[in-house]
Amino acid sequence: MTETMVTASKSQSNNLLRRDVRFLGNILGEVLVHQGGTELLDIVEKIRETSKSLRAEFLPELYAEFKTMIQELDSDNRHQVIRAFAIYFQLVNIAEQNHRIRRKRDYERSAGDAVQPGSIEKAVQDLKERGLSHTEVEEILDDLSLELVMTAHPTEAMRRVILDIHKRISEDVMSLDNPTLTLREREQLREKLLNEVITLWQTDELRDRKPTVLDEVRNGMYYFHETLFHVLPDVYQELERCLNKFYPDHDWHVPTYLRFGSWIGGDRDGNPSVTSDVTWQTLLMQRKLALREYQRIMIELMGHLSFSTNIIHVSDELVQSIEQDRNSVTLKKWISGGMKKSHTASNWPI
């Protein structure tokens with residue numbers, strides 16, 4: 001791509017970000033009118049416009065007027081104005097996160113066969129260009145171990161229900177890029193987003209009580225449930241694809257090199273609320289999540305494995321293996337949750 005084409009592409013991409021921010025801002029404006037009347041919207045817009053003017057050019061008189069306007073707000077209006085701006089910036093963050101995904105896709109489309117800098121493919125290409133053999137690469141992978149440790153940040157007090165709303169809004173905003181949407185479908189999508197923002201407005205962001213350790217555990221598990229279980233297989237598959245591309249004469253099987261740890265529910269350093277019972281409950285919750293996700297994946301897989309033994313041959317080895325698993329007492333106990341505590345494995349592979 002020429003420099004002019006790249007500049008034009010970036011400009012068009014930024015226009016899409018502005019479109020999304022403006023779209024979500026307009027929806028929030030409707031919600032403010034619906035929930036607080038036109039007076040609330042007028043106050044918020046006046047504060048926003050004055051802030052923009054002061055950022056462009058600082059005028060002492062305007063700044064004094066700006067401070068007086070905010071100070072004269074009664075407590076109810078002040079609370080609603082703060083909430084309006086807080087939700088606005090949440091929506092802007094969602095639009096920006098979606099825009100990063102959009103830009104990455106745009107880059108991959110425009111790059112064609114070119115290898116993206118900083119990618120897994122680029123790392124494997126570098127190994128090949130340095131003259132490493134597949135045996136040396138295998139040794140690197142066998143020695144490779146990455147453990148990402150999650151912790152409960154004291155400033156991250158957002159409830160899981162808010163995270164769910166954010167996720168739905170993000171998915172709906174992403175759908176706006178679909179060029180095949182009809183006018184009616186776009187109207188339905190807008191109505192859906194309006195309802196989501198109303199729900200966001202009417203939902204408390206913070207709990208009315210101090211979060212317990214198990215609340216923090218549930219918040220941490222949200223990311224495993226909503227993201228990591230779906231993303232990690234893609235990471236392993238991408239590495240295996242790249243290895244096969246640059247070392248096609250070798251049969252690759254990527255070992256487990258990426259693991260996760262968590263301080264949440266097990267950190268006894270200065271937190272008296274983390275007891276042995278809390279840690280045990282944390283392990284049970286983590287195990288339940290892992291089993292539930294494996295069960296979901298297996299049920300989904302059943303819908304794809306429609307093969308018939310009337311058409312294809314199944315090896316005796318596979319049949320025996322399935323029977324052995326079916327009759328496994330240990331497996332049945334794990335599934336039913338009846339395994340004794342002393343035999344419980346705390347580290348489930350992800």
Side-chain angles (χ1 to χ4, degrees), residues 100-101 104-105 107-151 220-221 223-263 266 283 286-287 289-302 304-305 307 312-326 328 330-331 334 343-350:
R100 292 190 187 100
I101 298 173
K104 184 176 184 299
R105 288 175 172 170
Y107 178 89
E108 291 177 349
R109 278 194 297 266
S110 61
D113 294 334
V115 177
Q116 182 177 2
S119 65
I120 292 176
E121 187 171 4
K122 178 60 176 174
V124 178
Q125 183 187 57
D126 288 345
L127 294 176
K128 180 67 174 180
E129 291 177 350
R130 292 178 185 179
L132 273 69
S133 66
H134 69 78
T135 302
E136 292 172 307
V137 174
E138 271 190 321
E139 291 175 355
I140 293 174
L141 292 176
D142 289 337
D143 291 336
L144 184 63
S145 179
L146 299 176
E147 184 173 1
L148 309 181
V149 180
M150 302 188 70
T151 185
M221 289 170 56
Y223 298 99
F224 284 99
H225 178 258
E226 295 294 334
T227 304
L228 297 175
F229 263 97
H230 308 281
V231 171
L232 286 180
D234 293 339
V235 174
Y236 280 92
Q237 289 174 8
E238 173 63 8
L239 177 54
E240 195 163 300
R241 181 192 72 81
C242 297
L243 289 168
N244 285 320
K245 175 180 178 180
F246 291 102
Y247 295 89
D249 297 329
H250 184 68
D251 185 19
W252 290 97
H253 178 71
V254 177
T256 301
Y257 67 91
L258 184 57
R259 294 176 173 83
F260 288 86
S262 176
W263 283 103
L283 293 174
Q286 292 172 344
R287 184 187 70 170
L289 172 64
L291 288 174
R292 188 169 65 243
E293 286 298 310
Y294 289 146
Q295 185 182 46
R296 177 190 61 79
I297 293 169
M298 291 300 295
I299 292 174
E300 182 180 327
L301 187 60
M302 287 170 58
H304 294 276
L305 300 180
F307 314 120
I312 63 170
H313 173 70
V314 179
S315 68
D316 293 337
E317 182 182 3
L318 177 59
V319 173
Q320 292 172 5
S321 174
I322 293 173
E323 286 298 322
Q324 183 178 357
D325 290 339
R326 180 181 295 166
S328 171
T330 302
L331 180 62
W334 272 119
H343 293 154
T344 299
S346 59
N347 295 322
W348 278 82
I350 301 298

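Atoms considered below: every heavy atom in the structure, side chains included; atoms not considered: hydrogens, waters and symmetry mates.
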Minimum heavy-atom separation for [X] to [Y], with atom names?
X: Val235; Y: Ile120; answer: O-CD1, 4.1 Å
X: Val124; Y: Cys242; answer: CG1-O, 3.8 Å
X: Tyr107; Y: Pro117; answer: OH-CD, 3.2 Å
X: His230; Y: His225; answer: NE2-O, 3.4 Å

Any Met150 side-chain heavy atom under 4.5 Å of Phe224 side chain: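 In short, these two side chains touch, coming nearer than 4.5 Å.
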
Student check: side-chain heavy atoms of Gln116 and Glu121 closer than 4.5 Å: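 Of all side-chain heavy-atom pairs linking Glu121 with Gln116, none is under 4.5 Å.
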
Heavy-atom donor-acceptor pair, [X] side chain to [Y] backbone, under 3.5 Å:
X: Tyr294; Y: Leu289; value: no
X: Glu293; Y: Ala290; value: no
X: Tyr236; Y: Tyr257; value: yes

Can you tell me if [atom1] on [X] sees more than 12 non-hydrogen neighbours from other groups inside 6.0 Å?
X: Trp252; atom1: CH2; result: yes
X: Gln324; atom1: CD; result: no
X: Glu129; atom1: CD; result: yes
X: Asp251; atom1: CG; result: no

Test side-chain hydrogen bond (donor to acceptor under 3.5 Å, both in side chains) applied to His250 - qualifying residues, sequence neighbours left out: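 His250 satisfies side-chain hydrogen bond (donor to acceptor under 3.5 Å, both in side chains) with His134, Glu138 only.
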
All side-chain hydrogen bond (donor to acceptor under 3.5 Å, both in side chains) counterparts of Glu238, not counting sequence neighbours: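 Counting only residues at least two positions away or on another chain, Glu238 forms a side-chain hydrogen bond (donor to acceptor under 3.5 Å, both in side chains) with Arg241.
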
Electrostatic pair Lys122:Asp126 at N-O distance under 4.0 angstrom: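 Salt bridge present between Lys122 and Asp126.
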
